[in-house]
There are 2 protein chains.
Amino acid sequence: MTSETVQRRATGAGRLSTQDWTTRALQLLVDEGVGAVKVARLCRELGVTKGSFYWHFHDLEALKKAVADRWCAETRVALSEMASLGDLPPLERIRIMATQLVDDRSWSVERALRDWARSDEQVAATIADSEQHVFGLVQDALEQLGHDSRSARMRAGLLTYAGIGFAHGQQSLPKPTLEDIDDLVNFLSSEIEARRP
Amino acid sequence: MTSETVQRRATGAGRLSTQDWTTRALQLLVDEGVGAVKVARLCRELGVTKGSFYWHFHDLEALKKAVADRWCAETRVALSEMASLGDLPPLERIRIMATQLVDDRSWSVERALRDWARSDEQVAATIADSEQHVFGLVQDALEQLGHDSRSARMRAGLLTYAGIGFAHGQQSLPKPTLEDIDDLVNFLSSEIEARRP
DNA sequence: ACCACACCGTACCGTACGGTACGGACGTGT
DNA sequence: ACACGTCCGTACCGTACGGTACGGTGTGGT
């Protein structure tokens, strides 16, 4: 039933569902920031008027909350999929996460959602959870490689913060290649050989 | 003359200068994001009306440009001060940069300005310059420590991205202590001992 | 004393936006 | 065929905002 509705709206005809609004709102949010998600703008892009919007949602906050709820759910799914990599060797887990972060277009929604989090508690909480989750995965992998907790904590934090930074960086710095990622993973898993005075 | 004007405005009396507007605008920008810097809001907080604003600036864009110009200038000064660390030992240079990044409150303006950069070309360009500059400093320091260019590039990118990420991260991850930074710097300057199969 | 200018207040306009009230079209079950 | 609920269009309101026009006020120079 819902799939049919979405299908019809995708072709331009038919009625709108809640998901149609949230998807378009999320797209607007990613492309042009929080300030671009407005009622009139959404209605114009969906080919409807405000009468439709205020039938589906009580107000703008309700729409934003729906978007946040949906994104939080999808993020939880993605994180659980990451956790299901537990049977792979630790080095491979880290490599996959690093590669996925760089290669995927997920950093664009990451960036948009992260500045939305400045004005929305729920989004901020979900992002914080996401950070801690990734950090924990990397830390566990490093500890399984024989690193003590202090070393694993430092290196996992370094990689996690670097991932966040990569999402927010301008494109001024050279984008790391697959070889760079290999170097990086090998580097992160290496032992400290000697300290220089 | 200007100092007197600023002084008097700081105590509540007197006329306003251009700097009074830019400082308050920057403060608003940092605290509540780009959407909070409005004419009426600024006038209310400065105890003036719009007649004053539109005498100092032609429109809102002019005010934003003034803020951007001023911040860009201050950033250039900070970067040149960083470059004046050239005579210090390389490890110390990296440690100072890392410590300053974590300890200082500069990350709050960093974060605000970086999402402003999404809608402003000048701000985006300045941030990109800043990134490349920091990256270059770290890379040079690592090369002076004997690392080949490929290794230095990877490690400098890792640290730079981690710095950006630290500015944008929620406070969910543990804030690195001074000891953590020591570990981090030692780790970044270490040699790869052995690769695990 | 007077003038000129920097600085600001007052009043006003156009527009964009969030939100409301209400009616009409369309399908669906009986 | 009838009623009912879903979904949306139309018209309208209040407000907040960017911007303009113009008059007033204080201060420094001559």
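First the proteins, then the strands, lettered A, B, ... as listed; each starts at 1. If you're wondering where the values come from, they're calculated on a predicted model, not measured in any experiment.
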- Task: Hey, can you tell me if A:W21 and A:F57 have their rings parallel, tilted or perpendicular (30° and 60° cut-offs)?
- Result: perpendicular
- Item | Separation of atom CZ in B:F53 from atom P in C:dC8, rounded to whole Å | 13 Å
- Query: Over how many whole Å does the gap from A:K64 atom NZ to C:dG18 atom C1' extend?
  - Reply: 11 Å
- Item | Separation of atom CZ in B:F57 from atom C1' in C:dC8, rounded to whole Å | 14 Å
- Kindly determine whether A:T23 and A:R70 satisfy side chain to side chain contact (heavy atoms under 4.5 Å, CB included), including the steps that lead there. CA-CA 9 Å; A:T23 54; A:R70 179 178 168 185; 2.6 Å; yes
- From the options D:dC8, C:dG9, C:dA6, select the nucleotide whose nearest atom is closest to the side chain of B:R15. C:dA6
- Item | Below 4.0 Å: OP1/OP2 of D:dC8 and any side-chain N or O of A:H56 | yes
- Which nucleotide in the set C:dC7, D:dG18, C:dG18 lies at the smallest distance from any side-chain heavy atom of B:W55? C:dC7
- Integer-rounded Å distance: D:dG19 P and B:D59 CG: 5 Å
- Message: Among C:dC8, D:dC8, D:dA11, which nucleotide has an atom closest to any side-chain atom of A:K50?
- Response: D:dA11
- Give the rounded distance in Å between these two atoms: CG of A:L16 and C1' of C:dC26. 15 Å
- Query: Whole Å only: how far is the CG atom of A:L42 from the C1' atom of D:dG9?
  - Reply: 17 Å
- Task: Would you check, one step at a time, whether the test side-chain hydrogen bond (donor to acceptor under 3.5 Å, both in side chains) holds for A:D20 with A:S17?
- Result: CA-CA 5 Å; A:D20 297 324; A:S17 68; 3.1 Å; yes
- Look at the side chain of A:D180 and the backbone N and O of A:T177, then say whether any donor-acceptor pair between them is shorter than 3.5 Å. yes
- Query: Does the side-chain hydrogen bond (donor to acceptor under 3.5 Å, both in side chains) test come out yes or no for A:R155 and A:S151, once each step is laid out?
  - Reply: CA-CA 6 Å; A:R155 300 178 190 211; A:S151 169; 3.1 Å; yes
- Message: Please pick, from C:dT10, D:dT6, D:dG18, the nucleotide with the shortest atom-to-atom distance to any side-chain atom of B:Y54.
- Response: D:dG18
- Message: How many whole angstroms separate atom NZ of B:K38 from atom P of D:dG19?
- Response: 12 Å
- Message: Heavy atoms from C-beta onward define the side chain here; which of C:dG19, D:dG19, D:dC8 lies closest to that of A:V48?
- Response: D:dC8
- Task: Round to a whole Å and report the spacing from CZ of B:R41 to P of D:dG19.
- Result: 18 Å
